[in-house]
Trainee: 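Got a structure here, written out as structure tokens. Questions coming.
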Number of protein chains: 2
Amino acid sequence: MINFELYKVFYLTAQLGSLSKAAKALYITQPSVSHAIKQLEEGFGLELFSRTSKGVVLTKEGQVLHSYVEQAFNFLSLAEDKMAELKNLEGGELRIGGSDSLCKHYLLPYLEVFHAQHPNVKIHLVHGTTPEIVSYLKEGKIDLGVVRMPVNDIQLEVREGILIQDCFVAGSKYRELSGQVLSLEKLLDYPIILFSRNSHSRYAITGLFRDHGLVLAPEFELGSVDLLIEFAKTGLGISYVTKQFVRKELEEESLFEIKLDVPIPQSRVGIITLKNMPLTSAASAFIDRIPLD
Amino acid sequence: MINFELYKVFYLTAQLGSLSKAAKALYITQPSVSHAIKQLEEGFGLELFSRTSKGVVLTKEGQVLHSYVEQAFNFLSLAEDKMAELKNLEGGELRIGGSDSLCKHYLLPYLEVFHAQHPNVKIHLVHGTTPEIVSYLKEGKIDLGVVRMPVNDIQLEVREGILIQDCFVAGSKYRELSGQVLSLEKLLDYPIILFSRNSHSRYAITGLFRDHGLVLAPEFELGSVDLLIEFAKTGLGISYVTKQFVRKELEEESLFEIKLDVPIPQSRVGIITLKNMPLTSAASAFIDRIPLD
DNA sequence: ACCCGCTATAGAAGGTGTCTATATGATTAA
DNA sequence: TTAATCATATAGACACCTTCTATAGCGGGT
């Protein structure tokens, strides 16, 4: 197979109709171009150009070759443009998997900033439980996942993000609990609202109760963190939510935190990617914006 | 612009999913392939492959690049096939201009043989007077011309072909002239049939008469050699034709030659091409089959 | 007839692609 | 766990080949 590099010289020579001009365009000398063309001609056993005193003109065979090489050249030029786009985040896509409520409350602000800076990068966001997110990653459906730690999977690369603290919150209906410090046992006298899906946070809190010989049986199981917040506000019960994600409600005092006499373990956000799998430049740029531990 | 040769390595590596296999396919060593890929990656500032223990897999960016490079590669492969076809005369075309009757009586046999041997070469045959043929040649409409000599044109490359001899022929109606040797003057007593168009042969014969103080005024002017032959056969007059082209008629005695007491100058067939303009391989192969002087 | 611009050629030098040898890492089998 | 195998990465040396400089040759235009 002929040295592809020669086609570049051939193409430019044909376009410019002159070895000298092609040489200038390629930042090489005219004899080099002459030599390159000769190599092509000898390779094919055909003359590609007829030389005149004012440049060169394609022969019939040269025209045939040129028609093909032109296409190839265009594709390769396009390719180089496209790669530059990808590198400069003027294209491509970012596919993120977020477990539970992290998508909305944790990721969204970063996504907004990223999108504002790189509007041409298409963003795909998928929800799922932690194991689902891990599966998506392994199947190549997403570039990175945002889940609660811990995640133990030898195939995964884990970057530790911020610490988050879950807590129980209630609305004004339970205002009398506002100043108090409750025991776990006492808390069970009130209707408890939990996230319905199997999540790390739910495992963690039921585990905590079990450790104290108690059973946490929720009055409501809700499918979204937004609903947990709404139900608590309405006074339907006491919701177990991530403190950072109800910061606004706590500040405006539509919700207040219920203090317990035992500490609720913190958990950590983890950014997971596939080990040994290079990140797209979009993914890697995005991760760089997320404050890690 | 990136060295096109690297794309060849990239493409094969992507296709084969392995640096080692690509190396084998390219008859180079694995480190060379590794190096080439690295150059591409550094050139783009992007990772193109993710390396695993059993080969390499395209990254997202690599896939994008591959989709373009694949097209380009296909075009270049096609180009190389096509050029091989052209070289081996399994394609392309042969465009010939023939003046006057040379097309049919002189060229046809050679064209038949050539076409039999290279059936995939398309043959275009155009008629015209010598100046027309020369024009076609200069305009690039034909690859070569077959005309009567002499042709004097600095831009033309002339190959001298066979000698041909014009003569006067008549049919049985003038049988009494068969054994005789006529003078030019005597010949004018009979109806003369000439080719109508301005041709070398007509100039030559009118010139010969003029040199003897005579004026050759034809009874008929016909547009094709076939008609000249037919008219003579029918007895409508005495036709001035090329002896070699009525060989059959002379042999079967449907025509006979009228001897003159002055020699009619011979003329020569010339194969003309454009100087400084490379021949297509079809044209050059064809010329090689024509017996030259 | 001269000059100018273009291409061809020759020979030299530098660069770069390729090589060998070896390291490193991952998977598989024992 | 260790050994073996197969993949890619790395380093350094060498050779080829691209590119260079210098010059010749050719044709056209002034």
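Chain letters run A, B, ... following the sequence lines, proteins first and then strands; every chain starts at 1. This is a predicted model, so every value here is computed, not measured.
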Trainee: To the nearest 0.5 Å, what is the distance between CG on A/Leu144 and CZ on A/Arg159?
Mentor: 8.5 Å
Trainee: N/O contacts under 3.5 Å, protein versus nucleotides 4-6 of chain C?
Mentor:
residue: C/dC6; atom: O4'; partner: A/Ser53; partner atom: O; Å: 3.2

Trainee: Answer yes when B/Lys38 and B/Glu41 have at least one side-chain N-carboxylate O distance shorter than 4.0 Å, and no when they do not.
Mentor: no
Trainee: Given A/Ser281 and A/Ser284, is the side chain to side chain donor-acceptor pair (under 3.5 Å) satisfied, shown in steps?
Mentor: CA-CA 5 Å; A/Ser281 47; A/Ser284 131; over 6 Å; no
Trainee: For B/Gly62 and B/Phe10, work out which heavy atoms get closest and say how close.
Mentor: O-CZ, 3.6 Å
Trainee: How many whole angstroms separate atom CD of B/Glu42 from atom P of D/dA9?
Mentor: 12 Å
Trainee: With no hydrogens and no angle check, just 3.5 Å: does a side-chain donor-acceptor pair link A/His66 and A/Gln15?
Mentor: yes
Trainee: Base, sugar-phosphate, or nothing: which does A/Gln39 touch, judged by heavy atoms less than 4.0 Å apart?
Mentor: sugar-phosphate
Trainee: Can you check whether B/Thr29 has a side-chain N or O nearer than 4.0 Å to OP1 or OP2 of C/dT18?
Mentor: no
Trainee: Look at the side-chain N and O atoms of B/Ser34 and state whether any lies under 4.0 Å from the OP1 or OP2 oxygen of D/dT8.
Mentor: no
Trainee: Quickly work out the B/Leu58 CG to D/dT8 P distance and round it to whole Å.
Mentor: 13 Å
Trainee: Taking the six-membered ring of A/Phe4 as reference, does the NZ or CZ atom of B/Lys8 fall below 6.0 Å from its centre and within a 45° cone about the axis?
Mentor: yes
Trainee: Rounded to whole Å, how long is the line connecting atom NZ of A/Lys38 with atom C1' of C/dA10?
Mentor: 11 Å
Trainee: Given atom CD1 of B/Ile37 and atom P of D/dT10, what is their separation to the nearest angstrom?
Mentor: 14 Å
Trainee: Which whole-number value in Å describes the distance from A/Leu48 CG to C/dT7 P?
Mentor: 15 Å
Trainee: Under 4.0 Å: is that the gap between some side-chain N or O of A/Asn3 and OP1 or OP2 of D/dC17?
Mentor: no
Trainee: Could you tell me the separation between the CG atom of A/Leu26 and the CE atom of B/Met1, rounded to the nearest 0.5 Å?
Mentor: 7.0 Å
Trainee: Taking CZ from B/Arg51 and P from C/dT27, how many angstroms apart are they, rounded to a whole number?
Mentor: 16 Å
Trainee: Quick one: on DNA chain D, does B/Pro31 or A/Leu6 contact a more 5' nucleotide (nearest heavy atom)?
Mentor: B/Pro31
Trainee: Which part of the nucleic acid, if any, lies within reach of B/Glu5 when heavy atoms closer than 4.0 Å are counted: base, sugar-phosphate only, or nothing?
Mentor: nothing
Trainee: Across the strands shown, which category fits B/Phe49 at heavy-atom distances under 4.0 angstrom: base, sugar-phosphate, nothing?
Mentor: nothing
Trainee: Using whole Å, report how far CZ of A/Phe4 lies from P of D/dT18.
Mentor: 15 Å
Trainee: Let me know, please, whether B/His35 or A/His35 comes out on the 5' side of the other along DNA chain C by nearest nucleotide.
Mentor: A/His35
Trainee: Using five pairs at either end of the helix from C/dA1-D/dT30 to C/dA30-D/dT1, determine the angle between the two local helix axes and round it to 10 degrees.
Mentor: 30°
Trainee: Return the orientation label for the A/Phe73 and A/Tyr11 ring planes: parallel under 30°, perpendicular over 60°, tilted otherwise.
Mentor: parallel
Trainee: Quick one: sort the B/Tyr7 and B/Phe44 rings into parallel, tilted or perpendicular, breaks at 30° and 60°.
Mentor: tilted
Trainee: Checking side-chain polar atoms at under 3.5 Å, does B/Arg95 have a donor or acceptor matched by the opposite partner on B/Thr280?
Mentor: no
Trainee: Nearest-Å distance, CD1 (B/Ile28) to C1' (D/dT8)?
Mentor: 14 Å
Trainee: When only distance counts, do a donor and an acceptor, one from the side chain of B/Gln30 and one from the base of D/dA9, lie under 3.5 Å apart?
Mentor: yes
